[in-house]
Protein chains: 2
Amino acid sequence: MLCFGPTPVTSETLDKYPNLECIVGSSAGYNHFDLAECRRRGIRVTGAGDSFSEDAADFAVGLLIDVLRRVSVADRFVRAGSWPVKGNFPLGSKVGGKRVGIVGLGSIGSRIGKRLEVFGCSIAYTSKRMKPNVSFPFHSNIHDLAINSDVLILCCALTKETHHIVGKEVLTALGKEGIVINVGRGALIDEEELVQFLKRGEIGGAGLDVYENEPHVPKELFGLDNVVLSPHAAVITPESFKALEELFTYNLEAFFSNKPLRAQIECE
Amino acid sequence: MLCFGPTPVTSETLDKYPNLECIVGSSAGYNHFDLAECRRRGIRVTGAGDSFSEDAADFAVGLLIDVLRRVSVADRFVRAGSWPVKGNFPLGSKVGGKRVGIVGLGSIGSRIGKRLEVFGCSIAYTSKRMKPNVSFPFHSNIHDLAINSDVLILCCALTKETHHIVGKEVLTALGKEGIVINVGRGALIDEEELVQFLKRGEIGGAGLDVYENEPHVPKELFGLDNVVLSPHAAVITPESFKALEELFTYNLEAFFSNKPLRAQIECE
């Protein structure tokens, strides 16, 4: 079965294809697959692997610089003809020196860490388990990570365990100056709670590429200058599509010639 | 003399202070000082030194990611409620793999190079002279650099030699997909020419923090989605102001106690 984008593959879908052996997917996330059911039926599943990792990491860093240094709001300010009519443009905040907590140190998260280190940020992370050969400090849970971070960057998979992993408690732990960047999946965050925290100024800002009920974006965010919004575009460039196309073709050929698949998803 | 920001210090200004020995300045650029006249009179001049370099480099990278990955335009798209009403958001372009030409490899330019290397860009530069101990390829003039670059980042000082260093020829050499980022001074670019190139689609995009006649920004740019505009804000964060304050105070004390000055400007 070829599966483009986040098309849901449920137990009912699988019932229709009793001889199915392999799903060749094209997505970085895999919450749209019923992986337990795939495992039970012995179906192998592949995803986008690393094809989108560079792009997603670049975009996460772009969102963070944008929120901290107020790039999009500066652009709005100039285009509205507010310079210098409305006085000086309010200061942003320096990227270097920020304590950045990465939630999910996989192929995207580790690339984000590598990039932000060079800007002078100090990096820590939480992940399902501590990674070997990684020098960044590990926190066993997101709450501890949030207490010790100025910025949280979400780039983990959406699973039952990570659903609403950022809610009232984590946002409170992150604090008034804290910033949340989400290039993972919308439902990693309790969106309603985040909107309230932002509106009440109980958190510093947010850069969001994903939302809980896409393409719905909470309208309350549209009037806020401390958020940067993008339409689930972090992983999409022509260059990464090309890499994905190659992976897709490779996996099709590999399946029919009994070679090992690439970017196979662990069906836990 | 204490000199805040880009206050002009001309030969006439200096005539009023015949016993002046030192100007303690606060600016990264120094085109507002008549340096030849200062040298003739034996007046030492200091600037902001490295205080703003990290911020300016961060902002230049932020502008580049923004132009390539269309962050500000994505934000406008979402806020306008265009997602998904107006269909899919058009693709951006990958940061990695871009050939970035840095114009002026001083304290800002070298930091930009260091950052963009980690994103997988290949870096080259032009500068008054080839830098020792720098592995990036050197081009002796900006035209050669432009021919071999996808992106030009301007972060050199504005002098008689660099005035309008980017004009019709360099923009043509950079080509239709080329991108110009300017965090130096507005008059490094022939702005009228740049606007025409952008309007005619003869260049790919631009990220501009500085303009030829600030705070005037050409209105033709306001309607373009391939430009990101900011109001001369690249070097300004509270953190860098604090560093500058310390440098400023240090230089005042150093002058009166006959100690060597820091961040002294070469009066060529």
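Quick caveat: nothing in here was measured; it's all calculated off a predicted structure. The figures here come from the full heavy-atom set of this structure, side chains too, leaving out hydrogens, waters and symmetry mates. Below, chains carry the letters A, B, ... as their sequence lines are ordered, and counting in each starts from 1.
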*Asks:* Does atom CD of A:Glu177 have more than 12 heavy-atom neighbours from other groups under 6.0 Å away?
*Replies:* no
*Asks:* Would you mind checking which part of A:Val227 comes under 4.5 Å of any heavy atom in chain B, side chain (CB onward), backbone (N, CA, C, O), both or neither?
*Replies:* both
*Asks:* Relative to chain B, which of A:Gly92, A:Gly223, A:Ala80 shows the most heavy atom pairs under 4.5 Å?
*Replies:* A:Gly92
*Asks:* Could you have a look at B:Arg111, B:Glu214, B:Arg70 and say which one has the most heavy-atom pairs with chain A under 4.5 angstrom?
*Replies:* B:Glu214
*Asks:* Is A:Phe119 close to B:Val61 at the side-chain level, that is, under 4.5 Å between some pair of heavy atoms?
*Replies:* yes
*Asks:* Among the options B:Ile65, B:Leu208, B:Val118, pick out the one with the most heavy-atom pairs lying under 4.5 Å from chain A.
*Replies:* B:Val118
*Asks:* Under 4.5 Å from any heavy atom of chain A, what part of B:Val235 do you find: side chain, backbone, both or neither?
*Replies:* backbone
*Asks:* Does any backbone or side-chain atom of B:Asp55 lie under 4.5 Å from a heavy atom of chain A? Answer side chain, backbone, both or neither.
*Replies:* both
*Asks:* Is the number of heavy atoms from other residues, nucleotides or ligands under 6.0 Å of B:Arg99 CZ greater than 12?
*Replies:* yes
*Asks:* Does the distance from a Lys or Arg side-chain N to an Asp or Glu carboxylate O, for B:Glu239 and A:Lys98, drop under 4.0 Å?
*Replies:* yes
*Asks:* What's the spacing between B:Asp75 CG and A:Asp66 CG if we round to 0.5 Å?
*Replies:* 7.0 Å
*Asks:* How far apart are the closest heavy atoms of B:Arg69 and A:Asp58, and which atoms are they?
*Replies:* NH1-CB, 4.0 Å
*Asks:* CZ of B:Phe241 to NZ of A:Lys94: how many Å apart, nearest 0.5 Å?
*Replies:* 12.0 Å
*Asks:* For A:Leu224, which atoms come within 4.5 Å of any heavy atom of chain B: side chain, backbone, both, or neither?
*Replies:* backbone
*Asks:* Could you look at A:Arg76 and say if it's the side chain, the backbone, both or neither that has a heavy atom under 4.5 Å from chain B?
*Replies:* side chain
*Asks:* Are A:Leu91 and B:Thr237 side-chain neighbours, meaning at least one heavy-atom pair lies under 4.5 Å?
*Replies:* no
*Asks:* Can you confirm whether B:Trp83 sits close enough to A:His232 that some side-chain heavy atom of one is under 4.5 Å from a side-chain heavy atom of the other?
*Replies:* yes
*Asks:* Counting only heavy atoms closer than 4.5 Å, note whether A:Leu229 contacts chain B via side chain, backbone, both or neither.
*Replies:* both
*Asks:* Please look at B:Phe59 and chain A and tell me whether the side chain, the backbone, both or neither of the residue comes under 4.5 angstrom of a heavy atom of that chain.
*Replies:* both
*Asks:* Taking the side chain as everything from C-beta on, heavy atoms only, tell me whether A:Val78 gets closer than 4.5 Å to B:Pro231.
*Replies:* yes
*Asks:* Quick check on A:Leu64 against chain B: is it the side chain, the backbone, both or neither that has a heavy atom closer than 4.5 Å?
*Replies:* neither
*Asks:* Which region of B:Tyr211, side chain (C-beta onward) or backbone (N, CA, C, O), has a non-hydrogen atom less than 4.5 Å from a non-hydrogen atom of chain A, or is it both or neither?
*Replies:* side chain
*Asks:* Sort A:Val217 into side chain, backbone, both or neither according to what part of it lies under 4.5 angstrom from a heavy atom of chain B.
*Replies:* side chain
*Asks:* Determine which residues belonging to residues 182-205 of chain B lie within contact range of chain A, meaning some heavy atom pair is under 4.5 Å apart, and list them by number or answer 'none'.
*Replies:* none
*Asks:* How long is the straight-line distance from OG of A:Ser72 back to CZ of B:Arg79, given to the nearest 0.5 Å?
*Replies:* 7.5 Å
*Asks:* Give, as side chain, backbone, both or neither, the part of B:Ile112 having an atom under 4.5 angstrom from any heavy atom of chain A.
*Replies:* neither
*Asks:* Please check if the number of heavy atoms outside B:Asp225 that lie under 6.0 Å from its CG is greater than 12.
*Replies:* yes
*Asks:* State, to 0.1 Å, how close A:Phe89 and B:Ala233 come at their nearest heavy-atom pair, and which atoms those are.
*Replies:* CD2-CB, 4.1 Å
*Asks:* Quick check for you: among A:Gly62, A:Gly81, A:Pro238, A:Ser240, which has the greatest number of heavy-atom pairs under 4.5 Å with chain B?
*Replies:* A:Pro238
*Asks:* Only pairs of heavy atoms separated by less than 4.5 Å count here; which of B:Ser93, B:Ser82, B:Ala234 has the most with chain A?
*Replies:* B:Ser93
